[in-house]
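In what follows, every heavy atom counts, from backbone to side chain, and hydrogens, waters and symmetry copies are set aside.
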Amino acid sequence: MKLATPRLAHIVLPLAAALALSLAGCSKQDSPNKTATSAATPAPPYEAVAAQGKGFTVGAMMAANTVYVLFDPQCPHCGHLWNASIPLHGKVKFVWIPVTLMNAKSGPQGATLLAAADPAALMTEHEKSLLAGTGGISASANVTPELEQALKNNTALFNSLKVESVPYILAKNQRTGDVVTHNGALDTAALGNFLGLNPP
């Protein structure tokens with residue numbers, strides 16, 4: 001087998017690294033009807049997301065700190081993060097905040113999840129369908145004006161953060177109390193470490 005020449009290696013390695021990074025989350029560039037934003041700048045305070053985002057709450061309702069996840073219902077990386085978060089629901093309170101970046105299904109599915117009597121069960125059903133390649137839950141295109149406005153506000157909030165992809169996590173590390181942010185999916189162990197749930 002012929003080995004890559006050094007010149008070819010200079011091309012192949014950066015391409016492989018770029019591909020690996022692209023698998024971490026769904027970006028606004030993944031949607032043909034969205035325009036790219038400028039370079040990333042520091043996110044506003046954790047408290048701004050807590051005050052402005054409208055989402056559904058799952059997990060340990062009495063937990064001292066809340067983890068905020070901005071997600072698009074059509075993003076498969078968000079589905080992987082949802083599945084990774086389920087084992088931590090006994091320790092952490094999560095607020096999942098839907099935004100509309102990917103396609104026409106994002107808004108109706110986000111509204112359906114916000115309006116659900118049992119959002120955790122519906123989100124699990126939705127992500128199972130999405131990751132199986134069947135598009136997620138059925139949702140009416142008739143979204144109430146209140147929910148439509150909430151989704152617009154959530155998306156504007158996401159855009160104000162100057163981040164490029166979902167899922168986007170904002171949390172306070174339980175060990176240090178520091179505000180921490182992360183773009184992209186994590187497995188359960190990595191998510192626990194990121195949130196400061198595991199011993200150092």
Side-chain angles (χ1 to χ4, degrees), residues 20-27 30 43 46-47 49-50 53-102 105-106 109-139 151 154 157-158 161 163-200:
L21 287 174
S22 72
L23 297 177
C26 295
S27 71
D30 294 337
Y46 169 91
E47 288 75 15
V49 174
K54 179 170 176 59
F56 59 88
T57 304
V58 295
M61 300 300 179
M62 301 304 291
N65 292 332
T66 303
V67 177
Y68 296 94
V69 182
L70 288 92
F71 77 103
D72 187 298
Q74 284 289 292
C75 166
H77 304 287
C78 300
H80 289 297
L81 183 63
W82 170 261
N83 288 338
S85 75
I86 291 173
L88 303 178
H89 284 185
K91 300 177 180 179
V92 179
K93 176 168 67 174
F94 290 91
V95 176
W96 287 74
I97 301 172
V99 299
T100 56
L101 303 173
M102 302 295 297
K105 289 184 176 182
S106 299
Q109 288 176 340
T112 300
L113 290 164
L114 285 176
D118 186 350
L122 189 60
M123 183 73 162
T124 298
E125 176 188 336
H126 169 70
E127 298 302 356
K128 181 177 180 183
S129 170
L130 186 70
L131 294 175
T134 54
I137 56 172
S138 297
L151 289 163
N154 287 348
L157 175 62
F158 174 82
L161 300 175
V163 292
E164 292 298 320
S165 63
V166 287
Y168 184 64
I169 310 167
L170 284 143
K172 288 184 180 177
N173 183 284
Q174 293 200 18
R175 280 199 314 272
T176 66
D178 294 334
V179 173
V180 291
T181 63
H182 180 79
N183 263 115
L186 295 167
D187 62 27
T188 301
L191 182 58
N193 287 335
F194 170 74
L195 297 175
L197 301 178
N198 305 327

With the side chain counted from C-beta on, respond yes when [X] and [Y] share a heavy-atom pair under 4.5 Å apart, and no when they do not.
| X | Y | result |
| --- | --- | --- |
| Leu186 | Ile169 | yes |
| Pro76 | Leu131 | yes |
| Trp96 | Ser85 | yes |
| His77 | Pro167 | yes |
| Val163 | Leu70 | no |

| request: May I have the step-by-step check of side-chain contact (heavy atoms from CB on, under 4.5 Å) for Phe56 and Met123, ending in yes or no? | output: CA-CA 10 Å; Phe56 59 88; Met123 183 73 162; 3.9 Å; yes
| Hey, mind stepping through Val166 and Phe158 against side-chain contact (heavy atoms from CB on, under 4.5 Å) and telling me if it holds? | CA-CA 9 Å; Val166 287; Phe158 174 82; 3.6 Å; yes
Of all heavy-atom pairs between [X] and [Y], which one has the smallest distance, and what is that distance?
| X | Y | value |
| --- | --- | --- |
| His80 | Ala185 | CB-CB, 4.3 Å |
| Gly196 | Gln174 | O-CB, 3.9 Å |
| Pro119 | Ala116 | CD-O, 3.6 Å |

Is it the case that the side chain of [X] and the backbone of [Y] share a donor-acceptor pair, with hydrogens and angles ignored and the cut-off at 3.5 Å?
| X | Y | value |
| --- | --- | --- |
| Ser129 | Glu125 | no |
| Gln109 | Ile137 | yes |
| Thr100 | Ser106 | no |
| Thr188 | Ala84 | yes |
| His182 | Phe194 | no |

| field | Point-to-point distance, once rounded to the nearest 0.5 Å, from OH of Tyr46 to CG of Asn65 | value |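 Going from OH on Tyr46 over to CG on Asn65, the span is 5.5 Å.
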| request: Have a look at Tyr168 and tell me which of Asn183, Val99, Val49, Ile97 forms a side-chain contact (heavy atoms from CB on, under 4.5 Å) with it. | output: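 So, applying the side-chain contact (heavy atoms from CB on, under 4.5 Å) to Tyr168 and each of Asn183, Val99, Val49, Ile97, only Asn183 qualifies.
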| query | Looking at Asn154, Leu113, Leu81, which hits side-chain contact (heavy atoms from CB on, under 4.5 Å) with Phe71? | reply |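 Result for side-chain contact (heavy atoms from CB on, under 4.5 Å) with Phe71: Leu113.
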| request: Using only heavy-atom distances, determine whether the side chains of Asp178 and Asn173 contain a donor-acceptor pair under 3.5 Å. | output: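 Absent: no donor and acceptor within the cut-off.
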| said: Counting only heavy atoms not in Lys128 (residues, nucleotides, ligands), do more than 12 fall under 6.0 Å from its NZ? | reply: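 No, the 6.0 Å shell around NZ holds no more than 12 heavy atoms from other groups.
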